[in-house]
> 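Before I ask anything, here is the structure I am working with.
Index from 1, following the sequence.
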Amino acid sequence: MAVTFSSLADVLAHGFDEVIDVRSSAEWLEDRMPGAISLPVLDNEERARVGTIYKQVNPFTARKLGAALVARNAAKHIEGPLAEKPGGWRPLVYCWRGGQRSNSFAMILSQIGWRVEVVAGGYKSWRGLVVKALYETAFPSRVVLLDGNTGTAKTGLLPLLKARGVQVIDLEGLANHRGSLFGAMPGGQPAQRGFESALAMEVARLDPSLPVVIEAESSKVGDLRLPSELWRAMRAAPRLEIDAPRGARAEYLARAYADMVEDADRLTAVIDRLRPLHAASVIEDWHRMVATGAHVALADDLMARHYDPRYLRHRERIGAAQETVAVEGLGPQDLEALADRVAARVGAL
C-alpha cells in the first residue's frame, strides 16, 4: 500500500518505526526525508549501469539486471542492518518516484511478515512539499530578527532563547556555517536541497500564533541560498539589535571560533582572501597576530578595520533597528541575563 503525504505536518506524524531510503548513497547524501536511513537497493555504480543498459540496449534487459541486483542487495540488508528487527516492525520505504526500487524492496520485506508501506510518488513527492512550503507559501509566523555587529553572540543566544520558550530557527546551524568569511565548519555545508528539507521541517514545527526569532543574515549562509518566502519575511521583519563593546565582542569571537584560532594555517589562508579589500600592510599585521597567538587582538582589529565599517554601511541603507539591547560583557552569565531581556522584548516587536 502506498502512503500519500499531503503536507509536511503529515510527514512529522507518519508513525512508522523506520523510514528507509532505497536510492543510491549519492542521492541520499544530497537530500532525504527526515530521519531516513540509507539502504540502497542499487549503489551508485549499479544504478548508472542499469540506466545505461535501459537507454542503450532495452528496458527488459535493464529490468532483469536491476531485479537481480535489488534481490542481492536486499538480502545483504536483511542479513545485516535489519537482522534484529522484530515481527511487528513497520517500515516506510521510498525511492526516487515510488517506482520499482521501493516497491521491489517492500515486496520482499512484506513476504517476511513486516508491515511495510511505500511513499506514493517517492522522494519527488517529498521534494514537492518542501518547494511548496518554502517557495510557494507565505512564511507562517511573524519573524523577529536578532541583529548586531559581528561578535555580539547572536547565534549563541538562540538556544538560550529556545530554552525560555521562544520559537527560534538557527539558520547557521542548519547550514553548518557561521555566516562569515571565517565561518566554515568541519564537515562542510549540506547540499542546497538538504538544507531546504531541514529548514522546511523547522518551519512545519512553528506555532503560527507566536513570533519566531531568526538571526539577521544576508540572502545566503555560506554557499546556501535562503528560500524566497523566508527571505521576504526577513526583509520585512522588525530588528532587535544587540549592542556590546568591541573588546567584549573580540573576547567572545576568540572563544566562539576556537576551532579556527587553533589552526594557524587555516586562519592565515582565510585572512589572505581579504587581500583585495585591504592594504598589504594590514594583511601582514593580521598575519603577525596569528603567528604570535594574539587572537583577541586579531578579532578586535578585524572588526575595527573590516566588519564594523561594513555593518555601519549596511545599517545606513536599511535604517536603525526597532530596539537596541545594550550589554557590557558576553560571558556565559552575561548571555543568560541577555537572553532574559531579549525574550521579554520579542513579543512586543
Side-chain angles (χ1 to χ4, degrees), residues 4-16 19 31-36 125-148 153-179 189-222 224-242 321-323 325 338-349:
T4 299
F5 294 120
S6 58
S7 69
L8 294 175
D10 288 347
V11 178
L12 281 171
H14 64 69
F16 287 86
V19 179
D31 188 27
R32 50 196 175 269
M33 287 183 62
S125 66
W126 159 251
R127 178 62 186 168
L129 293 177
V130 171
V131 170
K132 181 179 179 180
L134 299 182
Y135 290 93
E136 300 170 3
T137 306
F139 194 79
S141 291
R142 184 170 62 86
V143 174
V144 174
L145 290 184
L146 189 61
D147 205 351
K154 300 182 292 293
T155 303
L157 278 172
L158 294 180
L160 299 180
L161 293 173
K162 187 173 183 179
R164 287 157 173 78
V166 178
Q167 291 192 129
V168 303
I169 292 181
D170 181 359
L171 294 175
E172 293 186 1
L174 295 175
N176 199 39
H177 197 282
R178 287 170 294 214
Q189 294 193 265
Q192 179 71 31
R193 285 191 175 196
F195 169 66
E196 290 175 357
S197 286
L199 175 59
M201 295 313 292
E202 291 291 305
V203 173
R205 294 185 180 98
L206 292 176
D207 180 345
S209 68
L210 300 175
V212 57
V213 175
I214 298 175
E215 183 177 347
E217 303 280 358
S218 68
S219 61
K220 295 179 70 177
V221 183
L224 299 177
R225 303 179 307 278
L226 298 185
S228 57
E229 291 303 319
L230 171 60
W231 180 237
R232 183 176 290 110
M234 290 173 65
R235 292 183 67 185
R239 289 180 294 116
L240 192 157
E241 182 177 319
I242 308 302
Q322 275 73 6
E323 187 166 337
V325 178
L338 179 58
D340 288 335
R341 296 169 62 194
V342 171
R345 298 306 306 154
V346 166
L349 290 175

> With rounding to the nearest 0.5 angstrom, report the OG to CG distance, S141 to L230.
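Reported value, rounded in 0.5 Å steps: 11.0 Å.
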
> Is any side-chain heavy atom of W231 closer than 4.5 Å to one of L134?
no

> What is the minimum heavy-atom distance between S228 and Y135, and which atoms define it?
OG-CD2, 3.4 Å

> Give a yes or no answer on whether the side chain of E217 reaches the backbone of G179 with a donor-acceptor pair at less than 3.5 Å.
no

> To the nearest 0.5 Å, what is the distance between CG on L338 and CG on L160?
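These two atoms lie 8.5 Å from each other.
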
> Answer yes or no: is there a donor N or O on one side and an acceptor on the other, between the side chain of K154 and the main chain of A216, under 3.5 Å?
no

> With rounding to the nearest 0.5 Å, note down the distance linking CZ in R127 to OG in S197.
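One gets 6.0 Å once the value is rounded to the nearest 0.5 Å.
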
> State plainly whether the residues R193 and E196 are in salt-bridge range, i.e. N to O under 4.0 Å.
no

> To the nearest 0.5 Å, tell me how far M201 CE sits from L8 CG.
6.0 Å

> Check whether any side-chain heavy atom of P140 sits under 4.5 Å from a side-chain heavy atom of V203, and report yes or no.
yes

> Can you see which heavy atom on A237 is nearest to which on V143, and at what distance?
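Here A237 and V143 meet closest at CB-O, 3.2 Å.
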
> Could you walk me through whether F5 and M33 pass the side-chain contact (heavy atoms from CB on, under 4.5 Å) test, one step at a time?
CA-CA 12 Å; F5 294 120; M33 287 183 62; 3.8 Å; yes

> To the nearest 0.5 Å, how far apart are CZ in R239 and CG in L146?
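Answer for the CZ-CG pair, R239 versus L146, is 11.5 Å.
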
> So N176 and P190, do their side chains get closer than 4.5 Å, heavy atoms only?
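Counting from C-beta outward, P190 and N176 do come under 4.5 Å.
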
> Within a radius of less than 6.0 Å around CZ of R341, do more than 12 heavy atoms belonging to other residues, nucleotides or ligands occur?
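Yes - once you tally the heavy atoms of other residues, nucleotides and ligands closer than 6.0 Å, there are more than 12.
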
> Just jot down the side-chain hydrogen bond (donor to acceptor under 3.5 Å, both in side chains) partners of Q322, sequence neighbours excluded, or say none.
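Scan of Q322 (side-chain hydrogen bond (donor to acceptor under 3.5 Å, both in side chains), adjacent residues dropped) gives none.
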
> Quick test of your reading: applying side chain to side chain donor-acceptor pair (under 3.5 Å), list the pairs with at least one residue in residues 160-172, sequence neighbours left out, ordered by first then second residue.
T155-E172, R164-E336, R164-D340

> Hey, mind stepping through L174 and I169 against side-chain contact (heavy atoms from CB on, under 4.5 Å) and telling me if it holds?
CA-CA 9 Å; L174 295 175; I169 292 181; 4.1 Å; yes

> Test L224 against Q192 for side-chain contact (heavy atoms from CB on, under 4.5 Å), laying out the working first.
CA-CA 6 Å; L224 299 177; Q192 179 71 31; 3.5 Å; yes

> What closest approach, in Å, do L161 and A343 show between heavy atoms, and which atom pair accounts for it?
CD2-N, 3.7 Å

> Could you walk me through whether L171 and E215 pass side-chain contact (heavy atoms from CB on, under 4.5 Å), step by step?
CA-CA 7 Å; L171 294 175; E215 183 177 347; over 6 Å; no

> Using the side-chain hydrogen bond (donor to acceptor under 3.5 Å, both in side chains) criterion, which residues pair with R178? Sequence neighbours excluded.
D259

> Taking all non-hydrogen atoms of both residues, which atom of I214 and which atom of M234 are closest, and how far apart?
CG2-CE, 4.1 Å

> Might you point out which heavy atoms bring L226 and S218 nearest each other, and give the distance in Å?
CD1-O, 3.4 Å

